[in-house]
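This report refers to the structure that appears directly beneath it.
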Amino acid sequence: MDLLNAFVALANFVLIPGLAYGSQLALGALGVTLVYGILRFSNFAHGDTMAFGTMAVILITWWFQSLGIHLGPLPTALLALPFGIAVTAAVMIFTDRTVYRFYRKKKSDPVILVMVSLGVMFIMNGIVRFIIGPDDQNFADGERFLISARTFKQMTGLQEALAIRTSTAITVVTAILVVAALFWFLNKTRTGKSMRAFSDNEDLALLSGINPERVVMVTWLIVAALTTIAGTLYGLDKSFKPFTYFQLLLPFFAAAIVGGLGNPVGAIAGGFVIAFSEVTVTYAWKKVATYALPESMAPDSLLQLLSTDYKFAVSFGILLIVLLFKPTGLFQGKSV
Amino acid sequence: MNDTLKNTLLFVGIAGLIIGTGFVQSWNSALLILNMGLISAIMALGVNLQWGFAGLFNTGIMGFVALGGLASVLVAARPVPEAWPGPAFQAVGGLLMGAATIGLAILAWRRLDKGRTRGLAVLAILLIGFFAFRAVFDAAVTVIEANNPASAGNIGGLGLPILLSWPLGGVLAAGAAWIIGKTALGLRSDYLAIATLGIAEIIIAVLKNEDWLARGVKNIIGLPRPCPVPLEVELQQDPAFLERAAGLGLDPTTASTLWVKLLYAVLFAIVLAIIFWLAERARHSPWGRMMRAIRDNEVAAEAMGKDVKRRHLQVFILGSAVCGIAGAMMTSMDGQLTPTSYQPLRFTFLIWVMVIIGGSGNNLGSVLGGFLIWFLWVQVEPLGIGLMNLITSGLSDGALKSHLIDSAAHMRLFTMGLLLLLVLRFSPRGLIPEK
């Protein structure tokens with residue numbers, strides 16, 4: 001029995017990766033939930049918008065790197081992030097003006113808007129593949145580890161190591177800052193309040209003189225920032241591949257629905273629920289169990305409930321359970 | 001210009017495009033477009049049943065198509081004697097045990113009184129069932145996969161004629177649709193879309209990872225041909241055929257590939273005609289009118305005593321079965337099952353583009369959309385490369401020019417999106433609108 005080593009192994013392989021992945025999912029799900037709350041449709045183009053925003057950041061990062069601009073131990077991508085957000089925001093406002101506004105004015109059925117977002121998805125996907133190609137891109141630089149496995153072992157003298165990668169730390173810190181800023185904006189500023197009013201009751205908001213076009217524009221700006229940040233953090237932490245970003249659509253939706261569509265707090269909670277379930281169900285528990293249990297009970301098998309290839313099945317399973325037993329989600333969301 | 005004339009002209013236009021491909025490029029590629037166009041038209045008919053008739057937004061088409069492909073393998077692949085019947089039955093038995101566990105848990109949830117006992121009982125059933133399932137199933141899988149992994153390692157097929165797999169693919173897809181429909185129908189339209197999107201991904205993940213089933217990413221190759229279609233090699237050794245080919249002035253290789261594709265086209269056209277006829281009959285029947293009434297106003301239809309949930313389940317199963325049939329046909333034509341080739345953009349969303357552009361709610365429109373969009377999907381790539389060569393002809397050779405020409409292949413996604421947006425905006429009812 002060696003509970004300390006068991007805990008370190010658990011933290012290294014489950015808690016910390018789950019925390020980073022959960023932060024990335026939470027940011028993505030916030031974007032989905034905001035579009036749903038304000039514009040009232042499920043945005044299927046979300047994953048590909050994220051790929052587009054990340055691509056913008058990557059291109060600017062490469063340009064900075066070629067100019068010799070670096071952030072020292074931090075990845076250069078952080079410096080490129082604001083510019084990437086600006087580009088993505090411009091594209092999203094343009095998309096809204098040319099595509100979505102027409103259907104909003106016509107008060108089309110939400111399902112038509114979902115179709116329209118499929119069209120946008122194709123176009124974004126095409127643009128991303130056209131500019132940067134369908135392959136993996138690596139753009140992380142700077143210091144790789146905050147605490148490397150070897151340093152940790154030397155520091156503590158334990159058998160197991162707890163390595164903290166810079167990208168993980170940056171992900172968590174950035175996510176906390178972004179979420180704090182978003183909630184401050186939604187709860188304290190005039191524009192934020194008008195957004196919440198618009199989300200709660202459109203007609204009443206219009207009656208009290210809120211300009212819907214402005215609310216929509218601000219929403220797209222925030223969504224652009226959230227998706228670009230989420231995509232960049234995911235790319236730094238794992239890697240950038242357009243198809244993977246498209247596939248993230250499912251965990252995003254799952255997180256947003258589990259938390260309650262249209263509810264920002266729910267989206268964050270949902271992100272972590274999905275992330276931790278995915279990691280715990282697909283992790284092989286043999287190592288932790290070997291440390292935690294008495295020697296005579298040490299397991300022979302890997303103790304893995306599902307292979308990692310089925311992580312979609314996990315987010316999907318949770319989604320299904322929530323939809324069947326509590327369709328409005330853990331935190332009261334809309335069920336229009 | 002009346003409708004019949006307009007529709008005829010549209011179809012003549014498509015035929016012209018395909019025949020033009022024959023003259024400009026080659027008859028082989030023209031026939032290939034025709035064959036895949038026929039299959040796409042069947043898939044579009046299936047989606048039109050769900051969306052056009054009943055307003056169900058299914059984004060899991062890829063999964064049903066893949067299940068149809070799996071049916072082809074299970075029916076027609078060479079049997080693997082080492083895995084058959086013992087271990088194969090054990091694996092299937094294990095799966096059935098898993099299903100029984102879930103069924104039992106659902107039963108317990110429904111029958112027992114609400115309270116802590118119910119939760120504990122259901123949990124106990126699930127846990128015991130899970131470990132029993134893993135014990136039986138894992139043992140069987142180990143035996144099956146240990147058998148000659150380089151060429152087999154799966155349960156193999158039944159070695160029956162592959163034509164049988166077409167209806168069976170439909171049945172397999174219908175079975176999956178029943179399970180999905182039971183859980184996901186009755187949710188809001190976008191929830192159904194998200195749920196089906198997830199299920200399709202899971203079906204593909206199963207095909208990729210369960211090596212015992214259809215060898216996963218090691219792929220199944222060399223499936224037999226359907227009944228009247230011979231192998232090219234056989235044709236090339238058949239003196240009567242060689243004589244006829246020579247009479248037409250064709251060399252044996254071209255003649256044999258053309259003849260094989262032509263036979264496939266005839267087979268597919270027969271299936272398309274049957275399904276189209278059935279779909280048209282359904283549309284003009286009282287059942288079809290009821291479906292449209294439900295689509296247009298669920299509350300009113302329910303007030304008239306229609307069982308909306310049941311009808312939705314029914315049409316969802318029917319549409320998915322049609323997609324499964326098309327999937328089995330496609331796998332028979334390819335002669336192989338490659339799980340990695342199933343991409344949602346190609347097998348789910350492209351079919352949606354076909355239905356919307358053709359005209360949702362109209363069977364003829366779906367068929368037209370199937371042919372037209374498939375033609376564009378194939379031809380935009382060479383056109384894009386040609387266009388890009390023209391645009392960049394002024395540029396000096398370098399990294400930018402080669403990058404632009406290399407990426408031109410991705411233009412087709414962009415084109416499909418643009419087409420979809422243009423049609424939704426300016427002609428939302430499609431090329432052949434519903435009457």
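The chains referred to below are lettered A, B, ... by the order of the sequence lines, with proteins before strands, and numbering in each begins at 1.
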What's the separation between atom [atom1] in [X] and atom [atom2] in [Y], rounded to the nearest 0.5 Å?
{"X": "A:S315", "Y": "B:I202", "atom1": "OG", "atom2": "CD1", "answer": "7.5 Å"}
{"X": "B:W51", "Y": "A:M115", "atom1": "CH2", "atom2": "CE", "answer": "4.0 Å"}
{"X": "B:L420", "Y": "A:M121", "atom1": "CG", "atom2": "CE", "answer": "9.5 Å"}
{"X": "B:M411", "Y": "A:I127", "atom1": "CE", "atom2": "CD1", "answer": "10.0 Å"}
{"X": "B:L418", "Y": "A:I123", "atom1": "CG", "atom2": "CD1", "answer": "5.0 Å"}

Next on the checklist: For the backbone of A:I257 and the side chain of B:Y191, can you confirm whether one donor and one acceptor N or O come within less than 3.5 Å of each other?
Outcome noted: no
Item to check | Any donor-acceptor N/O pair, B:H403 side chain to A:I131 backbone, under 3.5 Å | outcome: yes
Checklist entry - Which bit of B:I356 is near chain A, if near means a heavy-atom gap under 4.5 Å: side chain, backbone, both or neither? => result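 B:I356 touches chain A through side-chain heavy atoms alone.
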Next on the checklist: Once you measure the plane-to-plane angle for B:F349 and A:F44, does it fall in the parallel (<30°), tilted (30-60°) or perpendicular (>60°) bin?
Outcome noted: perpendicular
Item to check | Residue part contacting chain B, namely of A:L250, when any heavy atom lies under 4.5 Å | outcome: side chain
Hey, are the side chains of [X] and [Y] touching, using non-hydrogen atoms and a 4.5 Å cut-off?
{"X": "B:Q343", "Y": "A:F243", "answer": "yes"}
{"X": "B:V353", "Y": "A:F122", "answer": "yes"}
{"X": "B:P428", "Y": "A:Y103", "answer": "no"}
{"X": "A:F130", "Y": "B:L413", "answer": "no"}
{"X": "B:V206", "Y": "A:Y310", "answer": "yes"}
{"X": "A:F252", "Y": "B:I194", "answer": "no"}

Checklist entry - Could you go step by step and tell me if A:F102 and B:L424 meet the side-chain contact (heavy atoms from CB on, under 4.5 Å) rule? => result CA-CA 11 Å; A:F102 171 78; B:L424 277 172; over 6 Å; no
Next on the checklist: Atom CH2 of residue position A:W62 - does it have more than 12 heavy atoms of other residues, nucleotides or ligands inside 6.0 Å?
Outcome noted: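 Yes, the 6.0 Å shell around CH2 holds more than 12 heavy atoms from other groups.
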Next on the checklist: Are more than 12 heavy atoms, taken from residues, nucleotides or ligands other than A:K326, located less than 6.0 Å from that residue's NZ atom?
Outcome noted: yes
Checklist entry - Which residue out of B:L419, B:L345, B:T59 racks up the most heavy-atom pairs below 4.5 Å with chain A? => result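 Among B:L419, B:L345, B:T59, the one with the most close pairs to chain A is B:L345.
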Checklist outcome for this item: Closest non-hydrogen contact found for B:P344 with A:F246 is CG-CE2, 3.2 Å
Item to check | Non-neighbouring partners of A:N125 that pass side chain to side chain donor-acceptor pair (under 3.5 Å), sequence neighbours left out | outcome: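 Expected list: A:D48, A:R129.
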Checklist entry - How about residues 128-136 of chain B versus chain A: which residues have heavy atoms under 4.5 Å apart? => result B:F130, B:R134
Checklist entry - Hey, mind stepping through B:E201 and A:F316 against side-chain contact (heavy atoms from CB on, under 4.5 Å) and telling me if it holds? => result CA-CA 10 Å; B:E201 288 290 345; A:F316 182 75; over 6 Å; no
